[in-house]
Amino acid sequence: MKMEIANVIVDVPAKQTDRAFDYLIPAEWSGTIQPGMRVIVPFGPRKIQGFVTSLKTQSEFEKLREIIEPMDLEPVLNKELLELGDWLTEHTLCFKIFAFQVMLPAALKAKYEKKVKLAQGVEASVLSEPLQILFENNLMIDWEDALKQGMVPLLLKEAAKGTLEVIYIVKEKVRKKQRKFIRPLVSLEELKVEVERFPAKAEKQKQVLSYFTDHFEPVELRQLVAEVKTTSATVKALVEKKLLIEYDMEVYRDPFEHRTFKRTKPLPLTNSQQTAIGPILNAIETNRHEVFLLYGVTGSGKTEIYLQSIQEVIERGQEAIVLVPEISLTPQMVNRFKGRFGDLVAVLHSGLSAGEKYDEWRKIQRKEVKVAVGARSAIFAPFENLGILIIDEEHETSYKQEEMPRYHARDVAIERAKTYSCPVVLGSATPSLESFARAQKKVYHLLSLPSRMNNQALPAVEIIDMREELRDGNRSMFSRKLLDMLKDRLEKQQQSVLFLNKRGHSSFVMCRDCGYVMNCPNCDISLTYHRVNEQMKCHYCGYESHVPHQCPECSSDYIRYFGTGTQKVEDELGKILPEARVIRMDVDTTGRKGSHERLLTDFQNGKADILLGTQMIAKGLDFPNITLVGVLSADTMLHLPDFRASEKTFQLLTQVSGRAGRHQLPGEVIIQTYSPEHYSVELAGTQDYDLFYQREMMIRKIRHYPPFYYLSLITVSHEQLMTVVAATEKIVNYVRSQVSKDAVVLGPAASPIPRINNRYRYQCLIKYKREPNMTKMLKTILDQYQKDTKSGLLVSIDVNPFILM
DNA sequence: AGCACGCCGACT
DNA sequence: GTCGGCGTGCTC
């Protein structure tokens, strides 16, 4: 008999275990265990989860251990996704286990438990005194609990004697939701006869049967009991009489259970929409891979193009993935897809619970839906016959994952589309420079939607120089012009949106006398104020401290919490426009689940005149009554140490401006700034993407940045400053020796966050055009440092980084 | 990552 | 003489 052996990638993210291990498939599982399944395997003394990547009949290893059991009935990763995992590993230089895990809902990540129980045939009475009571009352005790109570040494002693046994348990994070269903076991006719024959005494049973003669179909037990006003005992009696049968069925947690979606029909396309959709439909019909850049201002009707392309894909029996930035997964976007395709849509976003996400994923896996709409990770939706992949707001930085695997959803989309030979559509009003440059070079197919639907004019944008306001004695955060206009809208009963673009997204505490800012003692970064428990917290290492009442530096009492800024704006608004009703949206007011949505609905229903918020209100707002948008300070993010700062500023300002006047009423935009002459502010004012593109490209070329150069960032960290500097220097020298002379190697330089969790951070930035050996070289570096754990050096590499930190 | 194995200092 | 510190190396 031929042995069946499985190659298994184990759930241990470390350099040394980042390879396949061979396991025997026990005879009882022979033929059922397939590539793509999760299995439980013994690994050293433990039990852990692993992914079967392939099967074979021979192994170089003599003494193979057996797979304990499969965790799935069918593979969770199909062949394509397994191969995509290889691709991810290669391109982002991550451990294979990370590549597999990122493709699955978090619910499928294993949970490990370590427990201690009495060994076979051992009585609790033989144990030492303190353990006796414990094991008389419990079958097993948790290792973590024992550790907290300091009992581990005792346990180990017993384990050495053989009276106790340590066991490892691998668990699923979330259970499938099963419900009991009841259906008739006999025909309708027989059932009718039975109802007549039933003695009057068994009144309730008779009623249950009558229910089925009226509704001859399965019904959930819970519902049946409620409708007939009986108990499950009655039903059980009928099941025992073999008239009914009970069975379990997997049900889905439906996050949209209490919402109805108005069905929509395809809208007639404008001429320019028709011109744009043509090539996409052609690619779908001819089964051709091509990347389209759909470039159209806000309100130009990109979504309808997505919808009608998907329609075509569905009609051809294929499937579609649509990515939208997390923040715009507000009901508005979901409504449009659910409205058009109803139950054929699965929605995956972070607002769902792990269980809900798993259920949506299952719908895709079981081929019950045709469209997946979701944030970044939805790009891994387990479809097997993809016809189109769409990325809306293509320029959004949230499509790049900043943890391992550091992938960009756009790259994954293109890779999957190549396998399925189908089109990718990247949509944006302000495409990323990378994408637009590729479109210029005809690598992507550029499709333009030059005008807004119904030919509405773009809002009139006015840039206000806040320095001038200051010179004229206006020290408030509202320019006179903006204030006038706010008053005007209030009178007209129209709505305004005020946008505060602040640096970063944390609130901090600063002394107003000496400028002291509370920093983390372990990391070189300011502490974030948490209103909930009145504490200061570090985002990087978790350090917590109380909010000081006096400045530790100068003992001043004027040490204040600088909120997101929105609080301050709200207060000031209250003073100068007391009659205005304001809704504030920021991390403080949208913390709870669903509050984001509720605030927006309130605003939509006219419960406020002004919506005040941060980043999160820049997208997805499309309310007819908004006629004024004010940007309070346009330039705060311009001065970040980020080569994309101008691009981000331009995109954000353009996007915010697009919120105004999307319907009948014309819109106006006020942008307040301290650097009105900066091209990204100025050109956002005239909404001139093309000119911005040209200006920014020139700068990128001179500075050797994308899209002219690729980037790879190597970050080294260690507790000792000298050690990091030395190691980084060594790496820099090695890199210099390996790359061609066209490449630019920067470093060693301190990272923009020079210390996290008491580890100093240095980096090396490589800018390059064509380096065939780049991946190989980076792998060599990682190999060197990941293998050698004793030096304490940590090296991480981000290929095509978005944040240079 | 865990965990075992193994080799040197402070204790019954 | 042992208990226990954590350095080193393996897990099919």
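- Regarding Ile169(A), its CD1 atom lies at a distance of 16 Å from the P atom of dG2(B), rounded to whole Å.
- A straight line from NZ of Lys157(A) to P of dT2(C) spans 15 Å, rounded to a whole angstrom.
- Separating the CD atom of Gln101(A) from the P atom of dA1(B) is a distance of 14 Å, rounded to the nearest angstrom.
- Applying the 4.0 Å criterion to OP1 and OP2 of dG2(B), one finds that Tyr112(A) has every side-chain N and O outside that range.
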Discussion item. Apply side chain to side chain contact (heavy atoms under 4.5 Å, CB included) to residues Leu93(A) and Arg406(A) and explain how you reach the verdict.
Written reply: CA-CA 8 Å; Leu93(A) 305 171; Arg406(A) 301 178 203 271; over 6 Å; no
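- Spacing between atom NZ of Lys109(A) and atom C1' of dA1(B) amounts to 12 Å, rounded to whole angstrom units.
- Geometrically, Arg644(A) engages Phe802(A) in a cation-pi contact, judged by NZ or CZ lying under 6.0 Å from the ring centre and within 45° of the ring axis.
- No salt bridge links Glu144(A) with Lys114(A); every basic N to acidic carboxylate O contact stays at or beyond 4.0 Å.
- The interatomic distance linking Glu113(A) (CD) with dG2(B) (P) rounds to 14 Å, in whole Å.
- Ring pair Tyr407(A)/Phe380(A) is perpendicular by interplanar angle, where above 60° counts as perpendicular and below 30° as parallel.
- Of the possible donor and acceptor atoms, none in the side chain of Lys79(A) sits under 3.5 Å from a partner among the backbone N and O of Gly36(A).
- A cation-pi arrangement, defined by a distance under 6.0 Å to the six-membered ring centre and an angle within 45 degrees of its axis, is present between Arg19(A) and Phe21(A).
- Nucleotide dG2(B) holds its P atom 18 Å from the NZ atom of Lys15(A), rounded to whole Å.
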Pairs: protein N or O with nucleotides 9-12 of chain C N or O, under 3.5 Å:
from: dT11(C); atom 1: O3'; to: Gly44(A); atom 2: N; distance (Å): 3.1
from: dC12(C); atom 1: OP1; to: Tyr23(A); atom 2: OH; distance (Å): 3.2
from: dC12(C); atom 1: OP1; to: Pro42(A); atom 2: O; distance (Å): 3.2
from: dC12(C); atom 1: OP2; to: Arg65(A); atom 2: NH1; distance (Å): 2.5
from: dC12(C); atom 1: O3'; to: Asp22(A); atom 2: O; distance (Å): 2.6
from: dC12(C); atom 1: O3'; to: Arg65(A); atom 2: N; distance (Å): 2.8
from: dC12(C); atom 1: O2; to: Asp22(A); atom 2: N; distance (Å): 2.7
from: dC12(C); atom 1: N4; to: Arg19(A); atom 2: NH1; distance (Å): 3.0
from: dC12(C); atom 1: N4; to: Arg19(A); atom 2: NH2; distance (Å): 3.3

